[in-house]
Structure formats: structure tokens, C-alpha cells
Amino acid sequence: MNTSRSLLCAIAAAALLATSGVHAQQQPDIPKILAEIRAKDTGQLAVSEEDGRFLRILVASTKRRRALEIGGASGYSAIWMAQGLRESGGRLVTIEYDPVRARELADNIKRAGMTDVVQVIAGDAFKEIPKLSGTFDFVFLDAWKRDYKRFLDLVLPRLDRGGLFTAHNVVNKRSEMGDFLDAIQHSPALWTTILSPASPANEGISLSYKK
């Protein structure tokens, strides 16, 4: 009897440990992962923490469902947006051109436990976006600055009415995207404002609403 009872206790303890392990795996330390990505970002490709927080609140509060990121880098901004999209029940497609960064992006999304929210695509966004089905209600652009206008022309027809088109570095690198800034500020199809979060980098984000 004692042997049977001890065996049952051992089985119960093992089951509890297994359940605890699974639970722990399902809740990664997001702040730690984000901090690690920032620390390794020697090329300063990631958005600032303030911009990341803004993107998370923006997609969650406006209940975005079909998001596209052009220029995913190592996944810092994607993880911020994925947190908001998880709240709204949405999904994100993020595209990164550089194959090394694309692998880092996929690995970081997996580490953050966001593979159910984020689809990572490695390749040229100009070639990959036409392959995607459907439309988008949110776009975040953070790619080669001189290509911003081309990306706007490619994606705007597929942005839903009421959709948001956002772009990064529109303050600190505005000299590299004059045609893009002119287009979003004068297009009759868009309402646009330029946001300059109080961050040391003062990178700036444009926010355009499609009427």
C-alpha cells in the first residue's frame, strides 16, 4: 500500500512539474527579449522603445487585424506590434530583405512566443508583397528611406478604407524621403500627421489615415 501511494505521489509530482514547465514556456520574458535585441542592435535599425510602445498602443486601441511591416530588421518593432495585435486578435506579416537579419527576426519572434501572431517573410518586399493575399488595415514602413514613395504607391491601393499607414524616421531622415512626405501630406485620400515622440533619437513617425 505504501509503495502504491508513493508511486502515485511521484506520478502526481512529475505531472505538476511538467505542467509548470509548459506554462513557463508559454510566458516568455518579453521585456528581457526586447532589451537583448536593442543591446545587439549595433546598426541602430530598431525603433526606439518609446516608438515601440506607441505602435503597441496604436494597433491595440484601434483594433487592427491585418498588419504589414516592411523592414522587420531583427524583430524589435514586430514584437511590440504583436503584443497589441494579440489583444485585438490580429496578425502581422513582417518582411526583411537581409537574409541574416531575417533569420534573427524569425528566431526572436519564436523566442517571444509570437509565432501565432507574426508571419516572417525573408526577401525583397517589392516582390513579396504582390504575393500576399487580401488587404491590410495597418502598415508600418521602416525600410530603405529612398524607397518609401515606391512602397506607398505599391501598398496604398491595398490599404482598407479607415486603414493606417505609418512610416518611421520621417523627422531625422526627412531629407531622404521628400517625395514620400509630399505625397502623404497632399494626397486627397489621406489625412496625415507627423509625430515626434520625446526620445533622444527624435526619429519621428508619420501617421496617415485612409479616407
Side-chain angles (χ1 to χ4, degrees), residues 25-26 28-49 51-56 58-59 64-86 90-156 158-159 164-170 172-173 176-177 180 201 203 205-206:
Q25 291 176 5
Q26 292 175 342
D29 189 340
I30 300 293
K32 180 181 178 181
I33 293 169
L34 288 170
E36 289 173 354
I37 296 172
R38 286 285 297 175
K40 295 177 181 178
D41 182 34
T42 56
Q44 297 183 326
L45 298 175
V47 303
S48 67
E49 181 177 347
D51 289 345
R53 292 181 183 278
F54 170 74
L55 290 169
R56 179 176 64 179
L58 182 62
V59 297
R64 302 291 115 174
R65 300 297 300 272
R66 300 175 305 282
L68 171 67
E69 179 181 39
I70 305 170
S74 296
Y76 188 80
S77 51
I79 293 172
W80 279 111
M81 288 186 284
Q83 293 175 78
L85 289 164
R86 179 163 281 169
R91 287 184 56 83
L92 170 69
V93 175
T94 178
I95 305 174
E96 172 53 42
Y97 179 80
D98 184 87
V100 174
R101 286 197 296 269
R103 287 193 293 271
E104 294 176 354
L105 168 57
D107 289 344
N108 286 329
I109 292 299
K110 184 176 181 180
R111 289 174 59 212
M114 294 293 183
T115 54
D116 60 318
V117 178
V118 182
Q119 175 188 357
V120 176
I121 297 177
D124 184 341
F126 287 114
K127 296 178 180 179
E128 297 299 333
I129 291 173
K131 299 176 186 178
L132 299 175
S133 61
T135 59
F136 313 104
D137 62 10
F138 185 85
V139 177
F140 179 59
L141 175 58
D142 193 13
W144 183 248
K145 310 313 170 191
R146 299 189 188 281
D147 283 338
Y148 271 27
K149 176 61 164 55
R150 290 180 61 203
F151 279 121
L152 176 69
D153 293 340
L154 176 64
V155 174
L156 190 58
R158 297 180 60 182
L159 184 67
L164 297 174
F165 189 105
T166 62
H168 198 238
N169 299 114
V170 297
N172 67 333
K173 295 187 178 180
E176 300 177 31
M177 57 181 81
F180 168 77
E203 296 160 327
I205 294 178
S206 64

Item to check | Modelled atom types, side-chain donor and acceptor of Thr94 and Gln119, under 3.5 Å | outcome: no
Quick one, [X] and [Y] - any side-chain contact, counting heavy atoms below 4.5 Å?
{"X": "Leu34", "Y": "Ile30", "result": "yes"}
{"X": "Phe140", "Y": "Leu68", "result": "no"}
{"X": "Lys40", "Y": "Ser74", "result": "no"}
{"X": "Leu159", "Y": "Thr135", "result": "no"}
{"X": "Thr166", "Y": "Val139", "result": "no"}
{"X": "Val155", "Y": "Ile70", "result": "yes"}
{"X": "Phe138", "Y": "Leu55", "result": "yes"}
{"X": "Val170", "Y": "Phe180", "result": "yes"}

Next on the checklist: If we ignore hydrogens and angles and just use 3.5 Å, is the side chain of Asn108 paired with the main-chain N or O of Gly75 as donor and acceptor?
Outcome noted: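 No, the answer is negative, given that no donor and acceptor are paired below the 3.5 Å cut-off.
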Where is the tightest heavy-atom contact between [X] and [Y], given as atom of each residue plus distance?
{"X": "Ala125", "Y": "Leu154", "answer": "O-CD2, 4.3 Å"}
{"X": "Glu203", "Y": "Asp51", "answer": "OE1-OD2, 3.3 Å"}
{"X": "Phe151", "Y": "Ala143", "answer": "CE1-CB, 3.9 Å"}
{"X": "Ile109", "Y": "Ala78", "answer": "CD1-CB, 4.0 Å"}
{"X": "Asp41", "Y": "Ala46", "answer": "OD2-N, 2.9 Å"}
{"X": "Lys110", "Y": "Thr115", "answer": "CA-CG2, 3.8 Å"}

Once you round to the nearest 0.5 Å, how far does [atom1] of [X] lie from [atom2] of [Y]?
{"X": "Arg158", "Y": "Arg66", "atom1": "CZ", "atom2": "CZ", "result": "11.0 Å"}
{"X": "Met177", "Y": "Leu152", "atom1": "CE", "atom2": "CG", "result": "12.0 Å"}
{"X": "Leu105", "Y": "Arg103", "atom1": "CG", "atom2": "CZ", "result": "11.5 Å"}
{"X": "Glu176", "Y": "Tyr148", "atom1": "CD", "atom2": "OH", "result": "9.5 Å"}
{"X": "Ile129", "Y": "Ile121", "atom1": "CD1", "atom2": "CD1", "result": "9.0 Å"}

Item to check | Step-by-step side-chain contact (heavy atoms from CB on, under 4.5 Å) determination, Val118 to Ile79 | outcome: CA-CA 8 Å; Val118 182; Ile79 293 172; over 6 Å; no
Item to check | Stepwise side-chain contact (heavy atoms from CB on, under 4.5 Å) test for Val120 and Glu96 | outcome: CA-CA 8 Å; Val120 176; Glu96 172 53 42; 5.9 Å; no
Salt bridge [X]-[Y], side-chain N to carboxylate O under 4.0 Å:
{"X": "Asp116", "Y": "Arg91", "answer": "no"}
{"X": "Glu104", "Y": "Arg101", "answer": "no"}
{"X": "Arg150", "Y": "Asp153", "answer": "no"}
{"X": "Arg111", "Y": "Glu36", "answer": "yes"}

Item to check | For Ser77, the option from Arg56, His168, Glu69 that meets side-chain hydrogen bond (donor to acceptor under 3.5 Å, both in side chains) | outcome: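 With Ser77 as partner, side-chain hydrogen bond (donor to acceptor under 3.5 Å, both in side chains) holds for just one option, Glu69.
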Checklist entry - Relative to Tyr76, does Arg38 satisfy both conditions: NZ or CZ under 6.0 angstrom from the six-membered ring centre, and within 45 degrees of the ring's axis? => result yes
Item to check | Sub-6.0 Å ring centroid separation between Phe165 and Phe136 | outcome: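 No, the ring of Phe165 stays outside the 6.0 Å limit from the ring of Phe136, centre to centre.
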